[in-house]
*Asks:* 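One structure is given below, represented as structure tokens, and several questions about it will come after.
Order of appearance sets the numbers: ligands from 1, and atoms from 1 within every ligand. Residue numbers run from 1 in the order of the sequence given.
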Amino acid sequence: MKSLKHIKGILDLPVVRQAYSTNLTKMPALQPKKLKGRMFSVQAALPKYPVAPLEQTLKKYLKSLEPLLTEDEYRHTEKLCKEFENGVGKTLQAKLIERAEKHDNWLSDWWKSVAYLGFREPVVINSNPGVLFPKADFSGTQGQIEYASKLIAGLLDYKVMIDDQTLPVEHLGKNPLCMMQYFQVLAACRIPLEKHDDWACYPPDRPGAPKHITVIYNNNIFEVPVYGDDGNPLTISQVRNQLLEVVNQGSTPGEPIGLFTMEHRDNWSSVYKKMIQDKTNKASFDSVQRSIIVLCLDQSNDFGNDPRTVSGHQMLHGGGPSLHSGNRWFDKTIQFIVGADGYSGLNYEHTTAEGPPIIHVMDHCLNFLANGKEWSPASDVKPPTKLQFNLTNDVSKSLTLAKENSARMVNDLDLKVFVFDEFGKNFPKSQKVSPDSFIQNAIQLAYYRHHRKTCGSYESASIRMFQQGRTETIRSCSTESFEFTKAMMDSNTSKQKKAELLRRAINSHKQYTNDAISGKGIDRHLLGLKLTALENNMEMPELFKDKAYTFSGSWRISTSQVPAKSESVLFFGPVMPDGYGFCYNPQEKCILFGVSSFKSNNVTLPAAKMADLIKDSLNDMRDVMASSMKANL
Ligand code: COA
């Protein structure tokens, strides 16, 4: 993830301008060229993110519109593309190339601003994903503390590789990837500001790099040192002692200040502005922002008959003010969440990183839980400190409002977390096709089964093969996928033909994926041209005012593959009111899914019903492929 949701609102000219007049980070900009450890050994050699040829992008853009537009609409957009290519597009392209020459990555600052910090809707559900870990065998406060202590010790063990820059360089196929996100995930926080948020980051090469975590228990927020004064990380038993102290001190429920981080960003920033006038509040906020991560120790849950989905809600939004939502700080890049009943997971704020680095941290911690090690105890360990917040009457009233708003938001989100266990990556691989492209076509089929049409469909592709790369869009609805989905629902089409169309749809998706990850996608390029026009006070080209541009980028299907070594699963909210969110972790013999929709929308299906359609689609696709294989033998 994440698609550029509500882009019209984000791209209001004043907001974009403000992004450039705002000091975006509290710290001086990162200087990748100064990072010399093994983790960055190939960083300087990574290619710069290219600006694709204009003609190529427009051609692909038109192709992506084929399944979405009527003949007349298509002809209209085709004409606009020609005019753009021969007119203002040339000027914009030249200016964009000029920008690319001056920056390590022409997109990255824009992206951080436009996709994240300028986004004003609540980060919860709309931007922050949740992750559910495999169920562990613990219960009660003692078990919870034991598990959380190992998790934190695992994190400290991982952090050594970040601090020393010894983390092995990640690869996609044979290509090394940019490691910058890894360097920042254990040090960052979003900060609410009017119109455009700020982002603070304290990576290990800077003075004041964090030595504590934030722990939230019973809505009480604590600063918990996880290094001794000798600079050594705490052992499992030392972390355990710290957490037991938190539980002792936090037995009385605190004010659910964390609910403010679920608010619309303009509401939250106005409360924040008032609160930081008070020195105690300012120091408490600073402590949370400067911490390594947040650890949320939750109370127990009523799991009903679907504990996975109930826990999914807990990780994504906390379940509302009457459950765990006040026990959170959703502005923090990583929040580990440990329930009292064996369920745990995390929630992450998206400005700093995509899923893969977060999942890498998580996989290390989960592995540490199973095979943990001890080291020499740290000395001179400071005890936890409960952070104090002074609330004026005005702020208390805002908190009451935040409770109402968060309850409404949480009640509207429908989620289904499930494991498809008929097969996993093994089946598509046995058919010599890409598992990701197979699953994407299953999502297309599931949507078509109910809606009998297709829609703008987003899948995130990593562009970390480039310096400071983030994501590009894979437009996973294509002419080929649409032909395939229609054929699957047509009883007159033979299985052989269906299989042929499926393979064609898969190959088309895989081709788009390969293009997207190698800098030949279209959405970031088009965004760059649009932002260039805005930044240069130029009249907005007709191409970007065209209905087709908005419609094709209204991602009613928003998807992401986030693979993990463990059987964990990530999920997020839909990015359109009448859309779905789909996330999956393909394992060799099963696929874990998180599917979401909004209850208030009467066009979309409940998440559980959409989940059933995904299962049916996967099974039907396996049948047509397997039977066509037999027929060919
Ligand atoms: N025949 C046999 N095997 C094949 C195959 C084929 N034709 N095509 C692919 N495979 C294999 C691959 O070798 C790979 O094997 P592995 O399991 O041993 O690693 C496996 O199938 C998976 O490949 P595929 O399903 O094609 O996906 P991918 O791993 O290339 O991932 C993306 C595709 C788009 C998900 C990936 O490129 C990407 O960009 N990931 C990051 C997305 C992201 O950032 N998400 C988070 C957003 S918050």
Side-chain angles (χ1 to χ4, degrees), residues 1-5 111 115-116 123 126-131 170-175 177-178 180-182 185 316 333-334 346-362 423-443 457-466 468-476 502-521 523-524 555 558-565 568-573 575 581-591 594 618 625 629:
M1 285 219 314
K2 196 80 208 188
S3 25
L4 253 192
K5 55 192 71 176
W111 187 249
Y116 301 117
V123 291
N126 297 307
S127 180
N128 286 24
V131 182
E170 199 185 352
H171 286 73
L172 188 61
K174 287 190 180 132
N175 297 301
L177 301 181
C178 173
M180 199 52 79
Q181 294 182 30
Y182 283 87
V185 289
L316 189 58
T333 299
I334 297 185
L346 63 83
N347 184 286
Y348 71 90
E349 201 286 317
H350 225 314
T351 310
T352 316
E354 267 69 57
I358 310 275
I359 294 299
H360 201 260
V361 176
M362 173 200 85
F423 57 88
K425 286 196 278 186
N426 55 350
F427 175 71
K429 279 183 180 177
S430 74
Q431 300 292 308
K432 306 272 181 283
V433 295
S434 150
D436 185 65
S437 303
F438 186 91
I439 297 166
Q440 282 291 325
N441 276 287
I443 293 172
S457 308
Y458 179 106
E459 181 188 2
S460 27
S462 172
I463 45 172
R464 284 177 46 224
M465 266 166 21
F466 302 99
Q468 299 193 43
R470 299 288 303 254
T471 58
E472 169 60 289
T473 308
I474 301 167
R475 292 191 167 210
S476 44
L502 172 55
R503 281 184 187 274
R504 213 180 282 168
I506 287 175
N507 290 341
S508 158
H509 180 271
K510 191 64 192 173
Q511 181 59 50
Y512 202 117
T513 302
N514 289 339
D515 282 354
I517 60 177
S518 55
K520 292 183 225 136
D523 281 279
R524 302 299 179 266
W555 313 114
S558 170
T559 75
S560 192
Q561 177 188 154
V562 183
K565 288 202 181 102
S568 301
V569 56
L570 190 144
F571 27 80
F572 42 79
V575 301
F582 298 93
C583 194
Y584 49 94
N585 169 14
Q587 301 277 299
E588 232 20 77
K589 292 188 180 159
C590 68
I591 310 169
L618 286 165
M625 247 192 180
M629 195 75 156

*Asks:* If we set the cut-off at 4.0 Å for heavy atoms, which region of Val433 has an atom near ligand 1: side chain, backbone, both, or neither?
*Replies:*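 Looking at Val433 and ligand 1, just backbone atoms fall under 4.0 Å.
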*Asks:* Thr471 versus ligand 1: do any nitrogen or oxygen atoms come within less than 3.5 Å of each other?
*Replies:*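 No - when backbone and side-chain N and O of Thr471 are compared with those of ligand 1, no distance drops under 3.5 Å.
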*Asks:* Does the residue Ile474 have a heavy-atom contact with ligand 1, meaning some pair of atoms that are separated by less than 4.0 Å?
*Replies:*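 For ligand 1, residue contact (heavy atoms, under 4.0 Å) with Ile474 is present.
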*Asks:* May I ask you to decide if Tyr458's main-chain N or O and Thr559's side chain share a donor-acceptor pair within less than 3.5 Å?
*Replies:*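 Yes; at least one donor-acceptor contact below 3.5 Å.
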*Asks:* Has Asn347 got a side-chain atom pairing as donor or acceptor with Leu316's backbone, closer than 3.5 angstrom?
*Replies:*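 Checking the backbone N and O of Leu316 against the side chain of Asn347, a donor-acceptor pair under 3.5 Å is found.
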*Asks:* So is Lys510 in contact with ligand 1, going by heavy-atom distances below 4.0 Å?
*Replies:*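 Checking ligand 1 against Lys510, which is what was asked, there is a heavy-atom contact under 4.0 Å.
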*Asks:* Of the side chain and backbone of Pro356, name the one, both, or neither that has a heavy atom under 4.0 Å from an atom of ligand 1.
*Replies:*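 Only the side chain of Pro356 comes within reach of ligand 1.
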*Asks:* Please enumerate all residues that pass ring-ring contact (aromatic ring centres under 6.0 Å, His included) together with Tyr512, with sequence neighbours excluded.
*Replies:*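 So Tyr512 forms no ring-ring contact (aromatic ring centres under 6.0 Å, His included) with any residue.
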*Asks:* Check the pair Glu170 / Arg464 against salt bridge (charged side-chain N to carboxylate O under 4.0 Å, His left out), numbers first and verdict last.
*Replies:* CA-CA 10 Å; Glu170 199 185 352; Arg464 284 177 46 224; 2.8 Å; yes
*Asks:* Hey, does Phe572 sit under 4.0 Å from ligand 1 if you only count heavy atoms?
*Replies:*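 No, Phe572 has no heavy atom closer than 4.0 Å to ligand 1.
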*Asks:* Just jot down the ligand 1 atoms closer than 4.0 angstrom to any heavy atom of Ala461, in number order.
*Replies:*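 Counting atoms of ligand 1 from 1, those under 4.0 Å from Ala461 are 39 (O).
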*Asks:* Between Tyr116 and Trp111, what is the ring plane arrangement, given parallel below 30°, perpendicular above 60°, and tilted in between?
*Replies:*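 Rings of Tyr116 and Trp111: perpendicular, over 60°.
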*Asks:* Without swapping roles, check the side chain of Ser560 against the backbone of Val562 for a donor-acceptor pair under 3.5 Å.
*Replies:*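 No, because the side chain of Ser560 does not come within donor-acceptor range (under 3.5 Å) of the backbone of Val562.
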*Asks:* Hey, is ligand 1 close enough to Lys429 that some N/O pair sits below 3.5 Å?
*Replies:*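 Such a contact does occur with ligand 1.
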*Asks:* Touching ligand 1 at all, His350? Heavy atoms, strictly under 4.0 Å?
*Replies:*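 Right, His350 reaches ligand 1.
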*Asks:* If we ignore angles and hydrogens, is there a donor and acceptor under 3.5 Å between the side chains of Ser460 and Thr471?
*Replies:*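 Distance-only check fails for Ser460 and Thr471.
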*Asks:* Asp515 and Gln511: side-chain donor and acceptor closer than 3.5 Å?
*Replies:*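 The criterion, which ignores hydrogens and geometry beyond distance, is satisfied for Gln511 and Asp515.
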*Asks:* Looking only at distances, please establish whether an N/O atom of ligand 1 is found under 3.5 Å from an N/O atom of Lys425.
*Replies:*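 Yes - when backbone and side-chain N and O of Lys425 are compared with those of ligand 1, one distance drops under 3.5 Å.
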*Asks:* Looking at Thr513, which atoms of ligand 1 are within less than 4.0 Å of one of its heavy atoms?
*Replies:*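 Reading through ligand 1 atom by atom, the close ones are 34 (C).
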*Asks:* Tell me which part of Ser560 gets within contact of ligand 1: side chain, backbone, both or neither, using heavy atoms under 4.0 Å.
*Replies:*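 Just the side chain.
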